[in-house]
Structures are given as structure tokens and as C-alpha cells.
Colleague: 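Dumping the structure here so I can ask a few things about it.
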Amino acid sequence: MPRSAFLDGPVSIACLLGLVEDERDQVAILQHVRQDQLAATWPFAVVAQAAASAFLIVMLVRSGQTAALMPAALFTGLALLLSGSSMPLLRWMVRERWHPFQRHRVLATVAALLAATLTMQMWIATDLPDPVRLGCMVALAGAIGLSVVAAHDVRPMTLGLAAGLVLTIGALKGVDATFVTALSCLGALILVNRRLGLVDRATADTHAQESAESRTAAKMVTEFENQGTGWFWETDRHGRVTYLTDKVAADLARCGMRTTDAALADLFRVDALAPRAERTLAFHLASRTAFSDYSVCAAADAEGARWWSISGRPMIDSLGRFQGFIGSGTDLTEKRRSQAEITRLALSDSLTGLANRQRMRTALDKTLARDSGPYRPASLFLLDLDRFKAVNDTLGHQAGDTLLKQVARRLEECVGDAGLVGRLGGDEFQVLLPDIDARERLGRLARTIITALSQPYMIDDGAVTIGCSIGIAMAPHHGEDGETLVRNADLALYAAKGDGRGVHRFYADEMLEGARTRQRLESDLREALAQGSFHLAYQPIVATGDARIVGYEALLRWTHPTRGAVSPAEFVPIAEECGLIEPLGEWVLRTACREAARWPGGVRVAVNVSPIQFANRRLPDLVASALAHAGLAPDRLELEITEGVFLDGSTDTDQMFKALKGLGIRLALDDFGTGYSSLGYLRTAPIDKIKIDQSFVRGTAQPGNRNAAIVRAIVTLADTLGMETTAEGVEHQDEIALLADLGCSHIQGFVYGQPANADDALAQLSAKRGYATASGFRVSRAPRVKMLRSARVAVRDAGGAVIDGDVRIRDMSATGAMIDGLAIDGEAVGVDLLIELLEDQMFTAQVRWARDGRAGIQFAEHFNLERLNPPARSLRQAGER
């Protein structure tokens with residue numbers, strides 16, 4: 001018995017015996033149940049009482065005890081009345097909603113009276129002769145005992161029977177030893193029933209607690225099954241389902257499966273791709289081992305539309321016998337869908353829907369993996385959009401996003417099922433082409449993509465045109481692993497951009513060597529900056545009116561310890577990329593101001609400022625510090641900027657202009673006309689001078705050249721805005737007068753000498769009182785570019801056979817080139833040939849002279865030299881003038 005039953009405080013015996021009301025509902029329920037048990041067993045007691053009473057009457061008649069016959073009949077009738085009416089009386093009290101303790105009182109009273117009548121019958125039987133007396137006594141005692149047994153569940157009735165028996169004995173015999181003994185037994189019975197009452201209360205408490213817990217558990221299970229994703233199941237020892245949550249059973253029924261008496265292993269199948277899938281449900285059920293978190297779906301569901309996670313353990317009873325399995329499950333359908341969507345998003349570009357960088361890398365590694373099957377060739381395209389930044393800067397990022405989406409669709413249309421298209425970020429795309437390594441096919445696809453992406457796009461009711469450059473690497477020729485292949489495709493893309501953009505290039509080993517050279521140059525550049533290995537050269541800026549030197553442009557120079565002089569066009573872009581341009585630019589500014597302070601008053605110094613420097617808010621403070629330390633007047637410093645500083649169009653640019661002009665310095669716009677920005681900035685930007693790029697200056701003196709018209713238009717624009725103009729890159733004397741006639745206020749170029757150090761510049765200013773003397777060629781000719789590059793040619797000899805071979809181009813202009821390496825002689829003059837100036841593009845030319853293995857050829861049509869090299873960089877610190 002639980003100890004709590006004895007620790008609840010004192011309880012009256014009447015309460016324990018059920019004769020007064022108990023506040024515990026569970027006690028009342030228990031009493032009601034026991035009354036129902038009494039109603040089921042009491043009829044047997046009634047039959048025993050009737051049989052014993054009848055036996056007594058018969059024995060009295062046969063023994064001639066007529067005097068006792070009347071009392072015996074009276075007590076017999078009274079006993080049968082009390083006993084027979086007790087159960088109808090109980091049912092009536094239940095129907096009338098009497099409390100259990102009220103029924104107990106009535107039943108105890110009826111039992112006491114019944115016991116008294118039975119005792120009186122036993123007293124009458126004592127007058128019978130032996131052995132009839134003993135038989136009647138046994139019959140009546142048996143009836144009393146059976147009555148006690150039938151009423152034992154209703155303890156007040158048991159006590160009523162005992163009390164009636166004792167009191168009747170006392171009334172018949174008085175207070176003697178028999179009465180005292182009976183009374184003692186009654187007291188013991190009361191104590192026993194008190195003890196049993198405590199047990200009943202404890203049992204009622206336990207049942208109440210268990211019932212409450214069971215109801216709560218059942219309610220929670222029902223709620224969990226109906227509202228949550230969880231469910232429960234149970235099987236017998238043979239693995240057949242004995243319980244299954246209704247909603248799961250309904251899902252299985254929709255798949256045409258019956259769950260009644262079905263084996264659990266026949267209802268579900270394990271996800272073959274999940275961990276531990278090699279151990280099936282049938283294995284665990286047969287081996288009677290627990291399992292957890294198995295991903296399963298309906299065995300008849302071929303599509304796998306609904307998935308669950310299922311767990312189970314074997315049930316063992318108190319004797320250690322296996323009773324079956326019990327377990328639970330949760331619905332994984334939405335989770336798997338979410339995971340699939342998360343996986344898709346994790347492997348897809350959110351803007352275009354193409355594969356992202358991670359998916360492309362995974363696909364590339366899988367394609368190149370040796371253990372994935374037999375050898376498979378593969379090719380990789382790396383694409384970069386040309387002029388995309390200009391769209392972002394002018395139309396906004398939303399328009400840029402719209403453009404990227406259209407680019408993605410065109411890429412998918414071009415590639416089709418041949419490969420996987422992905423976006424790596426920004427305007428960079430990648431195409432993986434498994435099983436393809438034919439250069440001709442790859443070249444055709446690359447040209448198709450370039451042509452498709454170069455067609456106009458409709459953005460915000462306007463047409464936008466961009467370009468595309470492609471780098472190609474093939475496995476295993478250009479790399480057997482993904483990292484190497486991506487690196488080499490990137491090098492090929494870099495080469496495509498360097499060759500003028502809008503083209504494709506295949507990877508070649510010399511590209512890697514060039515990248516390594518750039519890396520070494522970066523390392524050397526850092527060391528040179530630390531050791532102060534740079535110096536400045538000054539190129540004069542001459543007024544066209546009187547040839548007076550009005551200033552010098554400070555040009556950065558670097559003499560490498562092993563490579564010799566390194567062109568700024570080579571090392572300045574590297575400095576910009578690796579973050580050295582700001583400390584390098586600060587050194588140039590301070591050095592130029594210090595050396596210019598020694599020149600005669602009025603001679604200015606021009607210093608190039610990178611857009612990276614211009615974006616730094618510390619630039620005005622740096623300029624002020626350089627001027628103060630050098631003692632240079634602010635109006636003698638001219639900062640040259642490029643159109644790149646206007647691309648972001650932010651208010652920071654206007655604030656920077658205001659701060660710089662507040663110092664009193666001059667501002668010049670360098671490389672005018674070569675950028676992609678609008679002319680609108682000229683209306684508000686405080687520019688003092690426009691520098692006309694040398695690409696517009698060269699050739700102005702040649703007949704039919706349109707550059708002169710462009711120069712005139714720029715000069716007219718500058719004059720209207722009150723700005724000076726400087727023509728850069730002037731190399732021929734006949735261009736001086738022409739540029740003066742066109743209205744240029746200043747000239748800069750080799751025609752007035754090579755750039756010199758500060759001391760030589762000071763000597764030049766002192767020698768001729770600051771006037772410059774023109775030198776060099778007097779007459780302009782088509783500009784030539786010194787180079788050393790390979791090209792393929794095809795020449796038809798006198799016999800009609802085609803000679804196909806490689807040559808080297810050493811000198812080239814828009815009208816022709818000098819080549820060597822072709823086995824032709826002087827008799828070949830006038831012979832037509834085809835030469836590959838651009839990859840996969842042949843141009844018609846004619847041999848004009850040939851000697852000593854060299855030949856001069858003239859192109860059938862003018863060739864734009866800018867197609868050979870990338871456009872002039874807008875981000876540079878200084879360059880060749």
C-alpha cells in the first residue's frame with residue numbers, strides 16, 4: 001500500500017467504511033463499482049438463504065416442533081423479504097441518484113436486520129434433535145457465510161451482517177463469554193475494514209492519478225496525431241500492424257494498401273539513398289533490434305510523394321517475453337521538400353536561376369573524376385561581359401539585373417543540352433561542356449555565344465548593347481583537375497580581354513608564364529616601393545602660340561634590376577590591382593611637388609591621379625601636405641584625372657572637386673573621349689583643361705583622316721566651356737601647325753623631346769629662356785606598332801600550290817606590316833596572300849617587297865590597330881606620352 005495513504009492526516013472510521021461522504025471522486029467511483037459487484041453476486045446469497053430457511057422449516061415439521069414452526073416461518077419470511085428486496089432497493093437508490101455513502105447506510109441496516117433474522121433461525125434450530133440440528137446449523141451458517149462473501153466488496157454491508165449477528169447473540173444470551181467473544185470479533189473486523197478502507201483510499205488515489213495521466217496522455221496523443229506531424233504504430237510478435245495512426249493509414253489507403261493485419265515491412269520501404277539503408281525494416285523486425293530515424297515511404301508509392309521518419313523498439317513483458325514492436329514516426333514530406341528547395345537554392349543563382357559557383361565546381365569535379373567511369377574529355381568556357389559596368393552605372397543595378405537575366409536565357413539557348421551553364425557572380429559566367437574537346441566545335445560555339453550576347457537587349461524601353469569575351473580550357477590537355485582547368489580558362493579569358501574583347505581565346509602555356517610573370521612583377525613592385533627604386537621623368541607641355549614651356553607632366557618610371565626599364569602600362573595596372581597605387585601615388589605627388597619647386601615661377605607640374613586615389617577622402621589633405629612641405633604654390637600643381645572618376649555619379653565626387661578646388665590647384669581631364677561616361681559631367685565639374693587622347697591626335701595630318709574633325713569638335717567644346725586643351729602624343733612636326741590651326745592651346749609629345757629627369761628639365765628651362773624646339777620626323781605617316789607575334793599565312797606559289805605556314809609580325813600599321821619567316825624572294829612582289837591577324841580571322845594582303853627572309857605586305861583594307869590590344873585603361877597612374 002502506498003505510504004501516502006497513511007500520511008493524509010486523520011480520517012474517521014465512518015469515512016473509511018463509506019458511511020459518510022468522501023470528497024474524493026475516485027473513492028465514490030470505487031464504491032459505486034463495488035455496489036455493482038454486489039448486485040452481481042447477491043442473488044447467490046439469496047438462494048442460499050432461502051434454501052437454508054426452507055431446510056429449517058422442513059426439519060421443524062418432520063421433527064414435530066410445531067411450537068417453533070410459527071417463529072421460524074416469520075423469521076424466514078422476514079429474511080427472504082430483506083434479502084430479496086435489497087437489490088431492487090439498491091437499483092432504486094441508484095436511479096434516484098443517492099450518494100454511495102447513503103446507499104451504504106441503507107445496505108448496512110438491511111444487512112444487520114438480515115443477520116438478526118438468520119441468527120434467530122439458528123437459535124430456533126438449537127431445539128432440534130441431533131443430527132438434524134447440526135444440519136440446520138450448518139445450512140444457516142453457510143447462508144450467513146455466503147452472504148458475507150457476496151457482500152465483502154461493500155464493507156459497510158459486511159459490518160452490518162456482523163453487527164446484526166453479534167447484537168442478536170447479545171440479546172438472546174445476555175452479556176456472557178459468547179457475547180464478549182463475538183463482540184471482540186466484531187471489533188477486529190472493524191479494525192480490518194478500517195485498514196482496508198485506507199487501502200481503498202490509496203488505491204483510489206493511485207487510480208485517480210493513473211486515470212488522469214491516462215486521460216492526459218490520450219488527449220495529448222490524439223492532439224499530436226491530429227494536429228502535428230507525428231504518429232504512432234504497434235505490431236504483434238509476428239510483425240503485423242495492430243495499431244496505426246488514422247492519418248497515416250489514410251495515406252497508405254490512398255496508395256491502394258490495406259493496413260489491417262498487414263506486415264509493417266510490407267507497408268513501407270526504406271529510402272535507398274539514406275544512411276543505414278542496407279538494413280531494412282524486415283531485418284530489424286526479424287532480429288528484434290531497435291531502429292531510429294529511418295526515412296520511409298509507402299511501398300506502393302513509386303513517386304515517393306510522401307515520406308516519413310520512423311523509429312521503433314521491441315516490447316518485452318515482465319517475464320522477458322517478446323510481445324512485438326512499438327514505435328513512432330514523423331512526416332518528412334515538407335521537410336524533404338524544403339531541403340530540396342534549399343539545396344536547389346544553394347546550388348542555383350538566385351538572380352538568373354542558373355547553376356551557381358558551388359554547383360559548377362561540383363559538376364566539374366565530378367566530370368573530371370577518374371573514378372566516375374571511363375575517361376571523359378571536357379571543356380570549360382569562362383565568359384565575361386564587356387561594357388556591363390557601364391550599364392550598371394548609367395541605368396542602375398535593377399537594369400543590370402534585368403540584363404543579366406536576359407544574358408542567362410541567351411546562354412542557355414546557345415548551349416542547349418550540350419553542357420551546364422552557370423553564373424559565378426557579377427557579370428562572370430561559366431559553361432561546362434562534357435565529352436567535347438574538338439577545337440573547331442568549341443570555336444563555333446564560342447563565336448555563336450559572342451554573336452548572340454552582342455545583340456541588342458531591350459531594357460526599360462531602350463536598347464542596350466554589350467559584348468562578351470570567352471576563355472576556353474580543355475581537359476585533359478589544359479588540366480586534369482578542376483582547379484587547374486578553371487585557372488587556365490581564366491588566363492585564356494584574360495588574354496581574350498587583352499586582345500580587344502569580343503573574342504575567344506584557347507589556353508596556351510605561354511599564358512600561364514605571363515601570369516607568373518605578373519605575379520613576380522607584383523612581388524618586385526612591392527620591393528621596389530619599399531626600397532625607393534622609382535623615379536620621375538618630366539615631359540614638357542608647350543603652348544602652341546609661342547612654343548613656350550608652360551609645364552611638365554610627371555611620368556612614373558621604374559628600372560628593374562634584371563628586366564631593365566618597365567613600362568608604366570605594364571606595372572601601373574598591377575599596382576592598382578594589388579593595392580599599391582595609393583602609396584605609390586602619394587610618393588609621386590610629394591616628389592613632383594618637391595622637384596617642381598626648384599623650377600622658375602609660373603611653370604606648372606601635372607600629376608596623374610588614379611580613380612582609386614580620387615575616391616579616397618584623404619586626397620585633399622594629402623595634396624595640401626605635399627604643397628606645404630615642398631613650398632609649391634597651389635596654382636602650379638595640376639592634377640590629371642580620367643573619366644573613370646565620374647562613373648559612380650555620387651555626391652562624393654562633387655565634394656571631392658569642391659575640396660580640391662578649394663586648395664587653389666588646377667584640374668585636367670586626361671584621355672578625353674576614350675571612356676564610356678556621358679559628357680554631362682563637363683557642365684558641373686570644375687575642369688581647367690581637357691587633354692585630347694593621342695588616339696585622336698595621331699594621323700591628323702594625313703589626308704582623309706577624320707581625327708582632325710574630332711580634335712576640332714573637342715577644341716570647340718572646350719573653348720565654349722572656358723577650358724584649355726592639350727593634344728597628347730604629338731610626334732611629327734607637321735602636326736604642330738595643324739593642331740595650332742585647330743585651336744589647341746597646348747601640345748605634348750615626343751616632338752618636343754623625350755621625358756627627362758628634374759635636373760634636365762631645369763636645364764631645358766634655363767637654356768632657351770623656357771622655349772622648346774621641335775625635333776623628330778617632319779612629315780606624318782601611318783602609325784606603326786613594334787611587336788613580335790606569330791601569325792599564320794597562306795600563299796599560292798607560281799605552280800598554284802598553296803604554301804601554308806607561320807610567320808612573325810615585327811612591325812605593323814593600319815595599312816601593312818613587316819613579316820619574317822616566310823620562304824619567299826624578290827620575285828614574290830605583287831603576290832596576294834592571306835594572313836591571320838586575329839584568331840580564326842584571315843585578312844587579304846599583297847607582298848610589296850621581300851629580301852633576306854623578310855617581306856613588307858600591304859593590306860587590302862585598312863586594319864584597326866586597336867583590335868590587337870585592349871582599349872586604353874582609364875585607371876592608370878602614368879603612361880607613355
Side-chain angles (χ1 to χ4, degrees), residues 439 443 491-492 494-500 503-518 560 562-567 569-570 694-695 698-699 702 729 731-732 750 776-777 779-870 880:
R439 292 177 66 97
L491 291 174
Y494 187 86
K497 291 180 179 179
D499 287 346
V503 296
H504 70 276
R505 290 292 179 263
F506 287 90
Y507 169 76
D509 291 338
E510 52 266 26
M511 295 179 183
L512 178 59
E513 182 59 32
R516 290 172 176 168
T517 300
R518 288 193 301 273
H560 193 275
T562 58
R563 297 181 54 181
V566 182
S567 170
E570 185 175 358
Q694 58 187 354
S695 61
R698 291 177 180 173
Q702 296 179 12
E731 297 181 354
H732 303 92
F750 290 161
F777 295 105
V779 181
S780 301
R781 62 174 182 170
R784 279 159 172 73
V785 179
K786 297 292 184 180
M787 64 176 63
L788 182 61
R789 61 182 296 173
S790 298
R792 183 165 55 92
V793 297
V795 182
R796 190 177 301 276
D797 62 11
V802 176
I803 301 175
D804 193 354
D806 293 328
V807 297
R808 290 179 297 276
I809 301 178
R810 293 189 172 273
D811 193 2
M812 183 172 173
S813 69
T815 58
M818 182 180 72
I819 62 176
D820 67 9
L822 188 63
I824 57 178
D825 54 23
E827 297 180 358
V829 174
V831 173
D832 293 330
L833 56 79
L834 296 175
I835 183 169
E836 185 184 38
L837 300 179
L838 300 176
E839 186 170 354
D840 298 331
Q841 297 185 47
M842 305 294 287
F843 294 82
T844 303
Q846 188 179 77
V847 178
R848 304 300 297 170
W849 59 267
R851 61 178 177 271
D852 300 329
R854 296 188 176 188
I857 61 174
Q858 181 179 359
F859 302 143
E861 297 180 358
H862 278 55
F863 180 78
N864 184 1
L865 294 179
E866 293 184 358
R867 299 178 64 184
L868 295 176
N869 300 300
E880 300 282 358

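Just so you know, these numbers use all the heavy atoms, side chains as well, and skip hydrogens, waters and symmetry mates.
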Colleague: Are I857 and F843 packed together at the side-chain level, in the sense that at least one heavy-atom pair is separated by less than 4.5 angstrom?
Modeller: no
Colleague: Roughly how far, to the nearest 0.5 Å, is CG of D509 from CG of L491?
Modeller: 10.5 Å
Colleague: So which atom in S813 and which in F859 form the shortest heavy-atom distance, rounded to 0.1 Å?
Modeller: O-CE1, 3.5 Å
Colleague: Can you tell me if E861 has over 12 outside heavy atoms packed within less than 6.0 Å of its CD?
Modeller: no
Colleague: So M842 and R792, do their side chains get closer than 4.5 Å, heavy atoms only?
Modeller: yes
Colleague: With rounding to the nearest 0.5 Å, note down the distance linking CZ in R854 to CZ in R810.
Modeller: 5.0 Å
Colleague: From Q858 CD over to T844 OG1, what is the distance, rounded to the nearest 0.5 angstrom?
Modeller: 12.5 Å
Colleague: With a 4.5 Å limit on heavy-atom distance, are the side chains of F506 and M511 in contact?
Modeller: no
Colleague: Return the minimal non-hydrogen interatomic distance between V566 and H560, and the atom names on each side.
Modeller: CG2-CB, 3.7 Å
Colleague: Output the distance between atom CZ (R505) and atom CG (L838), rounded to the nearest 0.5 Å.
Modeller: 6.5 Å
Colleague: Taking side chain as C-beta onward, heavy atoms only, is I835 less than 4.5 Å from I809?
Modeller: yes
